[in-house]
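Everything on this sheet refers to the single structure shown next.
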Amino acid sequence: MSRVSFDRAVEYYDDTRGFAPGVAEAIRDAIVDYTQARVTSSRFLELGIGTGRIALPFIEAGYDYTGVDISLDMMNLLNQKLAKIEAGDGASASRHFKYQLQQADITQALSFAPNSFDVVITVHVLHLVEDWQTVLAQAKQVLKKPDGWLIIAYDSPRNRNNHEKSQAQSPQTLEMDLDPMRVVNAKWDEIIRELGIEPRSLRPGIWLADETLETYLRKELHATTVQKVALLEYERPPISLAQMAARHQARMYSGDWNLPDEAHAKASRKLQNWLDSEYGEQANQLIVTKGDFNAVTAKWNA
């Protein structure tokens, strides 16, 4: 089954996927409030822990946290962060965190006993694997019942109509609610299609609708409680149209990794020409947008 290792993205992952200061802690607090987890007794498991953008605040707060990822390099970076904090000066000196990391393919059998974890989290991971059903089945198996929570979360831009709005506005009056990620991604996909390639064919797995997950959890995994929840609204790090374009030109997203070199070079030139002609110097304007941290959640009776 298809799965993706982010070894090649380690050096720039946090810079391109990270949160603004304080947001990761707010996400932790929202999940804790929702699940009623306790720092003294609750055990967490994150499937696809990566460099710890979700996990780090939990671990720093003293939670018992286990993470699994196929990328050893990503987890090594998380280990380095935690070692630096543990060895730090002042109030954080000589801290000893309760965590363990395990390299594993989450589409294969996990080496954890049934009913081991109070909360199982996966954030922006299921779209990277074809066999997402197996991942969810294993999450159910290791989750404590009846009180454990499965949190299938994702962060997304708040303003979903920004691209449509941008088509009607003049580039000379660039609005602050323009979303550089959405606008540049839409243009990049348009260019790829012009080259005769369907962008979706380059991307691993599929993007799952909330309704698909909810139906599967209820009908196939027999979850007794399934909810769609908005956990947090937050402010995303500022980014410009030019910076977003540069990410595609540098192949920083997994959807660009399988694009043939010649097609990528042509697409990069076309994207730059569009950016220069449509926005000029304003392409360098930093824009702050809002985001939502949402989740589909589930729990089972004993």
Please answer whether the main-chain N or O of [Y] pairs with a side-chain N or O of [X] as donor and acceptor at a distance below 3.5 Å.
X: K145; Y: L143; result: yes
X: S116; Y: F112; result: no
X: K98; Y: Y65; result: no
X: Q108; Y: D105; result: no
X: T297; Y: K228; result: no

Per the ring-ring contact (aromatic ring centres under 6.0 Å, His included) rule, what does the pair list look like for residues 22-41, sequence neighbours excluded? Y34-W149
Test side-chain contact (heavy atoms from CB on, under 4.5 Å) on L202 and I192; report intermediate values, then the result. CA-CA 10 Å; L202 302 170; I192 298 301; 4.3 Å; yes
Which residue in the set V123, L208, D210, T122 passes side chain to side chain contact (heavy atoms under 4.5 Å, CB included) when paired with Y154? D210
Does [X] come within less than 4.0 Å of [Y], counting only side-chain N to carboxylate O?
X: E198; Y: R193; answer: yes
X: D118; Y: R43; answer: no
X: R236; Y: D292; answer: no
X: R251; Y: D261; answer: yes
X: K187; Y: E190; answer: yes

Heavy-atom check, side chain of [X] versus side chain of [Y], under 4.5 Å:
X: T51; Y: K81; result: yes
X: I121; Y: L45; result: no
X: K290; Y: Y234; result: no

Quick check: is V39 connected to F58 through a chain of hydrophobic side chains (ILVMFWY, heavy atoms under 4.5 Å apart)? yes
Just checking, is any N or O donor in the side chain of [X] or [Y] under 3.5 Å from an acceptor N or O on the other one?
X: D69; Y: S71; value: no
X: Q133; Y: Y216; value: no
X: Q272; Y: Q249; value: yes
X: Q102; Y: T66; value: no
X: Q80; Y: N76; value: no

Assess the residue pair L82 and Y99 against the criterion (side-chain contact (heavy atoms from CB on, under 4.5 Å)); give the C-alpha distance rounded to whole Å, side-chain angles, the decisive distance to 0.1 Å, and a yes or no. CA-CA 10 Å; L82 291 168; Y99 77 98; 3.4 Å; yes
Taking everything shown except E281 itself, do over 12 heavy atoms lie less than 6.0 Å from its CD? no
Would H248 and N185 count as a side-chain contact (heavy atoms from CB on, under 4.5 Å) here? Give the steps. CA-CA 9 Å; H248 282 293; N185 284 344; 2.7 Å; yes
